[in-house]
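Numbers restart at 1 for each chain; the letters A, B, ... are given by sequence-line order, proteins then strands. In this text, all values refer to a predicted model and were calculated from it rather than measured experimentally.
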There are 2 protein chains.
Amino acid sequence: MASQRGEGETTTTPLEPADRERARAIPEAAVARLAVYLRVLSGMADQGVTAVSSEELSQAAGVNAAKLRKDLSYIGSYGTRGVGYDVEVLVSHIERILGLTRNHSVAVVGIGNLGHALANYGGFPGRGFPVTALFDVDADLVGIPVGGIPVNHIDEITAVCREREVSIGVIATPPPAAQSVCDRLVSAGVQCILNFAPVVLQVPDNVEVRKVDLAVEMQILSFHVARRADEAVHNSSGGVSVGNNGLGVDGMVIRP
Amino acid sequence: MASQRGEGETTTTPLEPADRERARAIPEAAVARLAVYLRVLSGMADQGVTAVSSEELSQAAGVNAAKLRKDLSYIGSYGTRGVGYDVEVLVSHIERILGLTRNHSVAVVGIGNLGHALANYGGFPGRGFPVTALFDVDADLVGIPVGGIPVNHIDEITAVCREREVSIGVIATPPPAAQSVCDRLVSAGVQCILNFAPVVLQVPDNVEVRKVDLAVEMQILSFHVARRADEAVHNSSGGVSVGNNGLGVDGMVIRP
DNA sequence: CCGACTTTGTGCATGCGTTCACAAGCGGTA
DNA sequence: TACCGCTTGTGAACGCATGCACAAAGTCGG
Ligand SMILES: NC(=O)c1ccc[n+]([C@@H]2O[C@H](COP(=O)([O-])OP(=O)(O)OC[C@H]3O[C@@H](n4cnc5c(N)ncnc54)[C@H](O)[C@@H]3O)[C@@H](O)[C@H]2O)c1
Ligand SMILES: NC(=O)c1ccc[n+]([C@@H]2O[C@H](COP(=O)([O-])OP(=O)(O)OC[C@H]3O[C@@H](n4cnc5c(N)ncnc54)[C@H](O)[C@@H]3O)[C@@H](O)[C@H]2O)c1
């Protein structure tokens, strides 16, 4: 399921010119939410739900209904006024826009605590992200299968990534090794990197990096605690109010 | 380093009224970057660097220099014109604003693949986030120490969280259990939650949730691959250009 | 003590993302 | 078929974040 092309297209469902223009214009924040909608919709489909309104879906996804409709409008008009959206239709269109019509082979580098968890995780393959390669420098690990995949030595990274058509590289090495691993992945042709090491990676322009930084997440939480405690001290009136759900789907949500 | 209070303050360094107003106004995106600056600065301090200019620091943190200065201006004016910033001074002020002058005790719920990795991770305690409690439903796990901490049964969550003054709860359970675990954490008084389960949590207004969603991260990467592949097909001229570093420190970066 | 040079801090403009509000469109019903 | 009520899709307004560009403020050398 790696390649399967018509005359010039890449995926099973070719993008129409109109969609191409749309895809260019989708805000990154909306892309992140589309992925969330997709999961919610998939869950609904599994439960036999066939249709859904923007109101219902937005509640389940924890966002504003208007925002949801705008997000969906970025990918086209697939709803029916007065009725709502067909779950299946929406799922397939979001998948198409997100490029999920083909599998994206994943390589994990650094098979330590975190790398083991990732390699053993069953949630990726089912969603089109099969882990197909594992790398480490530790000679004791090389050859040992983790989650069904044998660990390769980091020096084989170029050959193996090319061979297995790895499109996403996950960095789970200690911080000092991260940049060098990143460089190797890039020169092996990997253009997407998910980085767990608390390091700012330098990459060429054609490579996309996303980072998962637990320390930063915790510090953001800490900031909110501090701010809240501080407010509580100032206007000494408890400070616990329960109301709407102040969820931060991807962030950028600051309470007034 | 836990408590040391004045007359009504919570932390070692009480916030001045001016700082309070500032803290309220700091954009969430800036808070996330401040945490990154903090780490870079800590690294510099460890290497004996005592002063740094906005230009140097911004490069190391992978952001625009003007943005960095603006971010720092949110917390006050601690630079010296013509010279730059004193690393120590900046570190201590960022720590103060982020509420890192006190420890934040962390509880991990769900000691499976991921929970083990988190419990064993040495990066948290050093940064003021000691893991002090672990929970699971699995009777085989209860009592067994992981990363030096014995696992408690989930039913003890309220008592243990209260006793150990847990301020951050980390959810690493399977998705179906996540909401119920979240509810329990909340009723145990935990106001900050870091959620690894691919589920949209519903929480009261006074609780802060951050989520780490690997599937979403991968799908965002997938989207960019698709868009890029699509562009390459359209204007058939290679498509690989190397230039500045297009890093997405926390997201919201879309290339024009 | 002064002047030249360096770097900060920030007002302002620009652009992006969110939210509101409503016209357009569709299914159901009489 | 024509009307009614419901829900989508989106134009427009708003607000927030980013980046520019420069005055203010400091250092250093003479
Ligand atoms: N474990 C966690 O829960 C956790 C949480 C947040 C962040 N992180 C970050 O994730 C990264 C991995 O954490 P961990 O706990 O799994 O560390 P770990 O020490 O358990 O594992 C690191 C692995 O990387 C391998 N490695 C070292 N240098 C390498 C190289 N050049 N090429 C390939 N492999 C190499 C090591 O042999 C080891 O197996 C770290 O950067 C850590 O800061 C981990
Ligand atoms: N492992 C990964 O790399 C990874 C990656 C991304 C997301 N996740 C998500 O993180 C979560 C955990 O993943 P995992 O691989 O560690 O799963 P896992 O199945 O290995 O571990 C889950 C643990 O949670 C415990 N548990 C179940 N119900 C519970 C409850 N009600 N209260 C307390 N504990 C309970 C189980 O006993 C088990 O020990 C899942 O939601 C998964 O989707 C994991």
Side-chain angles (χ1 to χ4, degrees), chain A residues 18-19 21-22 24-34 36-37 41 50-59 61-87 89-90 93 244 246-256, chain B residues 18 21-22 24-34 36-37 50-59 61-87 89-90 93 220 244-256:
Chain A
D19 289 335
E21 286 313 307
R22 281 211 192 82
R24 277 188 69 81
I26 302 179
E28 183 106 347
V31 174
R33 287 191 297 268
L34 283 171
V36 173
Y37 306 153
L41 286 164
T50 58
V52 68
S53 73
S54 63
E55 190 60 44
E56 293 167 310
L57 184 52
S58 71
Q59 287 236 328
V63 301
N64 181 296
K67 193 192 296 192
L68 176 131
R69 287 201 299 275
K70 176 135 293 193
D71 287 344
L72 292 182
S73 80
Y74 290 128
I75 68 174
S77 300
Y78 304 111
T80 309
R81 296 175 187 222
V83 178
Y85 301 89
D86 182 287
V87 174
V89 168
L90 220 45
H93 280 109
N244 71 43
L247 49 86
V249 167
D250 204 357
M252 308 307 107
V253 183
I254 200 159
R255 240 176 292 293
Chain B
E21 286 313 306
R22 282 213 192 80
R24 277 188 68 80
I26 303 180
E28 183 106 347
V31 173
R33 285 189 299 267
L34 282 172
V36 174
Y37 306 153
T50 58
V52 67
S53 73
S54 64
E55 190 59 45
E56 294 167 310
L57 184 52
S58 70
Q59 288 236 328
V63 300
N64 180 297
K67 195 193 295 192
L68 176 130
R69 287 200 299 275
K70 179 141 292 198
D71 288 344
L72 293 182
S73 79
Y74 289 128
I75 68 174
S77 299
Y78 304 111
T80 308
R81 293 171 190 229
V83 177
Y85 302 88
D86 181 287
V87 174
V89 169
L90 220 44
H93 280 109
I220 293 172
N244 72 43
N245 59 343
L247 48 86
V249 167
D250 204 359
M252 307 308 107
V253 184
I254 198 159
R255 240 176 292 288

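Side chain A:Lys70 to base C:dG17: no donor-acceptor pair is found below 3.5 Å. If you check distances only, the side chain of A:Arg81 does reach the base of D:dT8 with a donor-acceptor pair under 3.5 Å.
A:Ile26 places its CD1 atom 14 Å from the P atom of D:dG9, with the value rounded to the nearest Å. The interatomic distance linking A:Leu90 (CG) with D:dT7 (P) rounds to 16 Å, in whole Å. Spacing between atom CG of B:Asn64 and atom C1' of C:dT10 amounts to 14 Å, rounded to whole angstrom units. In this structure, CZ of A:Arg69 is placed 16 Å from C1' of C:dG17, rounded to the nearest angstrom. Note: CG (A:Asp71) to C1' (C:dG17) measures 10 Å, nearest angstrom. The interatomic distance linking A:Tyr78 (OH) with D:dG9 (C1') rounds to 13 Å, in whole Å. Rounded to an integer number of Å, the gap from A:Lys67 NZ to D:dC14 C1' is 14 Å. Rounded to whole Å, atom P of C:dG17 lies 9 Å from atom CZ of A:Arg33.
Proximity note for A:Val83 (side chain, C-beta onward) versus D:dG19, C:dA21, C:dG27: the nearest is C:dG27. You'll find that the side chain of A:Thr80 is closest to C:dG27, out of C:dG27, D:dT18, C:dT19.
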Exercise. A:Leu72 and A:Leu34: side-chain contact (heavy atoms from CB on, under 4.5 Å), yes or no, with the steps?
Worked result: CA-CA 8 Å; A:Leu72 292 182; A:Leu34 283 171; 4.1 Å; yes

Exercise. Passes side-chain contact (heavy atoms from CB on, under 4.5 Å), B:Tyr37 versus B:Val63? Steps please.
Worked result: CA-CA 10 Å; B:Tyr37 306 153; B:Val63 300; 3.6 Å; yes

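Dashed line: the shortest gap from a side-chain N or O of A:Ser53 to OP1 or OP2 of D:dT7 is not under 4.0 Å. A close approach under 4.0 Å does occur between a side-chain nitrogen or oxygen of B:Tyr85 and OP1 or OP2 of C:dG9. Listed pair A:Tyr74 / C:dT18 fails the phosphate criterion, with no side-chain N or O lying under 4.0 Å from OP1 or OP2. One finds a side-chain N or O of B:Ser54 lying less than 4.0 angstrom from the OP1 or OP2 phosphate oxygen of C:dT8.
Side chains of B:Arg69 and B:Tyr85 form a contact here, defined as non-hydrogen atoms less than 4.5 Å apart.
For the pair B:Glu55 and A:Ala66, both in contact range of DNA chain C, the more 5′-proximal nearest nucleotide belongs to B:Glu55.
From A:Leu57, atom CG reaches atom CG of A:Leu68 across 4.5 Å, with rounding to the nearest 0.5 Å. Summarising the geometry, atom CG belonging to A:Asp86 is positioned 10.5 Å from atom NE2 belonging to A:His93; distances are rounded to the nearest 0.5 Å.
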